Amino acid sequence: MKKKQKKMLTRIIISAAMLVALNFIPVTGWLRMLLYMIAYLIIGYDILLKAGKGILNGQVFDENFLMAIATVGAIALALYEKSGDYNEAIAVMLFYQIGELFQSYAVGKSRKNISALMDIRPDYANIERGGVLEKVDPDEVGIGSIIVVQPGEKVPIDGFIIEGTSSLNTSALTGESLPREAGAGDEIISGCINMTGVLKIQTTKEFGESTVSRILELVEESSSRKSKSENFISKFAKVYTPAVCIAALLLAVLPPAINLMMGSPAGWDNWIYRALIFLVISCPCALVISIPLSFFAGIGGASKEGILIKGSNYMETLSKTKVVVFDKTGTLTQGVFAVSGIHHSQMDDTKLLEYAALAECASSHPISKSLQKAYGKEIDRNRVTNIEEISGHGLTAIVDGTAVAVGNTKLMEQLGIPYENCHSVGTVIHIAVDHAYAGHIVISDIEKPNAKEAIAALKKAGVEKTVMLTGDAKRVAEKVASELGVNEVHSELLPADKVTEVEKLLKTKAPKAKLAFVGDGINDAPVLSRADIGIAMGAMGSDAAIEAADVVLMDDDPMKIAKGIKISRKCLSIVYQNIIFALVIKFACLGLGALGIANMWFAIFADVGVMVIAVLNAIRALRVHNL
Ligand code: ADP
Ligand code: MG
């Protein structure tokens, strides 16, 4: 419990004790009044101050104002009636403060839980100087520096391992609890925990650009992106509070005025009392607090599973997803191609592979990585210049002074180089050297082990249509699609064609149904942003993906898509439950208050009770592990 909360608890106890005692001590007159006022001020002074400040700042109608006017009114009424019954005013404040305390405790606790989940921020980086390790601020480490990460420490900055092997715990990033093995040459991203060996890492980014920093930024920003439901609540509160105040005023004034006109006694105190009860009941805090908290808990729960949702608006859209469009390479397939044949080579096969690998040295496309891996030797980047990547086609470069082109048939056609067709099923990479056809390399990708299950899981989660888009050849595309059970497939698309396809799909779907595009962020940033909701996977490597997507899956497990949708559905259903629950109870109580059936005790119980239940319900959104 925080200091502030402890102080509040003390105030509650003192004031409550005084209230009970005063009902047994036979003091009367001014002394009695004074003692009651002390108890009232102990529990309520801050509310009165805030209400006063609100009035001065022109923001009159908030819950502090409601509480202040209701309790001050109750005291005034007691004075007027000379009843000396100040119990109600104090009790209302007491319960209100107990509710507030509970709420700040619960909200604080769930915020803490969520930040603990996101506890990936490294405090320092180790740099070796003269044989000793020195701890430095990760912000001060430049690109290309060598840092040392010892067992038990977090990797502070992205880079690659130059020495050592270890298992890495990536659970804070991906929700995946199995450790990952890594050794010299492997890329490593910040936020993992080094478990076993000492690693020397050469950094490839600055701290501010590293995965950890970007994720934290993203999570921090997520709370500022408001969903429709949240906007509804804040608009609602703006209209609601003044409306209730006016209603209360009318309730206090109109009936007595009518009574007077009819010639009967006005009954001012009765109606003012009802108006005050009305005000206490009307406090909208259950909604104002529980809705953002539900979203916050949902986003936190999802991030624990390695699903980063960039804002509650996306949470809302995701929950309505009915069409899921996939990129193929790296999304449904592993994006790790193995060479399955080299045909029509005009030179030694290894020489052809060497040209391809060298030309590809700077690309981050999965094909490029696979060709470099198949080549297997160290690549001397100095031999390559003028690299030009043409998305959806391939690339051109100058290798050892000779023009080299590596890509698909579209690229060859564009360059006007006649090529040989290939008869084996696979992704065919044509190569031209010095403007003449030099042969092709057939590579093939494998589907992700759970891609098929992931498609099935989506259907089970209520997704009506799955579509695969790819720049790859038709035969490969159709084979993958039918093996995975995807409903629709479009192949040989350029990145721009993918946007067109998605636009067509957006037009044909039902207006309320939402379309999600899932890609790896390579070549598909335009589609990611065009879809109702863009989901990037395997984001631990690609910056473009983190940037362009609305939802980021930290690892490349396609099962996470269905999981994300289920999490968002749960979160949204909690939000709706809270809205409906709070409003129904509120309006029912307001009715009872106006009819004079509810007294102030009832009012405060209804208010605090609804708030407590709504907050507890909101916290449920955090529990998503078993969805
Ligand atoms: P996908 O839809 O499968 O993700 P892309 O749009 O990234 O495909 O690429 C489509 C096609 O363009 C690939 O199948 C390949 O033939 C060619 N291509 C793209 N980038 C490269 C590259 N770096 N090297 C060779 N070919 C490439
Ligand atoms: Mg792609």
Side-chain angles (χ1 to χ4, degrees), residues 325-337 339 352-353 355-375 379 384 387-397 399 404-415 417 419 421-422 425-432 438-448 451 467-481 484 486 489-502 517-528 534 536-538 542 544-545 548 556 558:
V325 183
F326 293 92
D327 188 37
K328 177 182 75 81
T329 315
T331 305
L332 289 175
T333 66
Q334 297 187 338
V336 182
F337 296 81
V339 172
L352 190 72
L353 191 55
Y355 271 124
L358 278 165
E360 295 272 9
C361 71
S363 165
S364 58
H365 199 278
I367 291 181
S368 148
K369 294 209 170 132
S370 309
L371 287 176
Q372 291 177 52
K373 199 159 179 206
Y375 174 55
I379 288 176
V384 196
I387 300 171
E388 218 174 296
E389 191 153 0
I390 309 160
S391 59
H393 290 80
L395 48 79
T396 60
V399 178
V404 175
V406 185
N408 50 20
T409 52
K410 282 199 192 99
L411 181 73
M412 295 296 128
E413 277 156 17
Q414 192 182 347
L415 297 174
I417 297 169
Y419 54 88
N421 273 319
C422 185
V425 178
T427 304
V428 183
I429 306 298
H430 297 276
I431 296 147
H440 58 238
I441 302 175
V442 187
I443 55 181
S444 51
D445 197 359
I446 24 178
E447 287 146 22
K448 286 191 184 159
V467 182
M468 186 176 94
L469 303 181
T470 180
D472 210 343
K474 192 167 179 192
R475 272 199 288 178
V476 185
E478 274 169 0
K479 181 165 165 270
V480 174
L484 297 183
V486 178
V489 56
H490 302 274
S491 55
E492 299 182 17
L493 302 170
L494 295 178
D497 302 332
K498 290 185 188 171
V499 178
T500 323
E501 284 302 330
V502 164
F517 178 83
V518 194
D520 57 0
I522 295 171
N523 279 351
D524 49 23
V527 211
L528 278 174
M537 58 163 46
S542 158
D556 48 17

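Worth saying up front: this structure is predicted, and the values here are computed from it rather than measured. Counting starts at 1 for both ligands and their atoms, following the listed order.
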Checklist entry - Looking just at side-chain N and O atoms, do E389 and S363 make a donor-acceptor pair shorter than 3.5 Å? => result yes
Next on the checklist: Under 4.0 Å from a heavy atom of T470: which atoms of ligand 1 are those, numbered in the order shown and with their elements?
Outcome noted: 1 (P), 2 (O), 3 (O)
Checklist entry - Atoms of ligand 1 less than 4.0 Å from G407 heavy atoms? => result 25 (C), 26 (N)
Checklist entry - Which atoms from ligand 1 have a heavy atom of S363 less than 4.0 Å away? => result 23 (N)
Item to check | Within-cut-off N or O pair, I367 and ligand 1, under 3.5 Å | outcome: no
Item to check | H430 and Y419 aromatic ring geometry - parallel, tilted or perpendicular at 30°/60° bounds | outcome: tilted
Next on the checklist: Testing the basics here: between A481 and V489, what is the closest heavy-atom pair and its distance to 0.1 Å?
Outcome noted: CB-CB, 3.8 Å
Item to check | Exercise: identify the closest heavy-atom pair between D520 and T329 | outcome: OD2-O, 3.1 Å
Checklist entry - Does the side chain of I429 come within less than 4.5 Å of I443's, by heavy atoms? => result yes
Checklist entry - Can you find an N/O atom of N408 closer than 3.5 Å to an N/O atom of ligand 1? => result yes
Checklist entry - Going by distance only, is there an N or O of T427 that falls short of 3.5 Å from an N or O of ligand 1? => result no
Next on the checklist: Any nitrogen or oxygen of G471 lying under 3.5 Å from a nitrogen or oxygen in ligand 1? Just yes or no.
Outcome noted: yes
Checklist entry - Does P495 have a non-hydrogen atom less than 4.0 Å from ligand 1? => result no
Checklist entry - Hey, does the side chain of K328 reach the backbone of G471 with a donor-acceptor pair shorter than 3.5 angstrom? => result no
Item to check | For P495 against G392, the heavy-atom pair lying closest together | outcome: CD-CA, 3.8 Å
Checklist entry - Which is closest to atom 25 (C) of ligand 1 in terms of heavy atoms, E389, E360, K498? => result E360
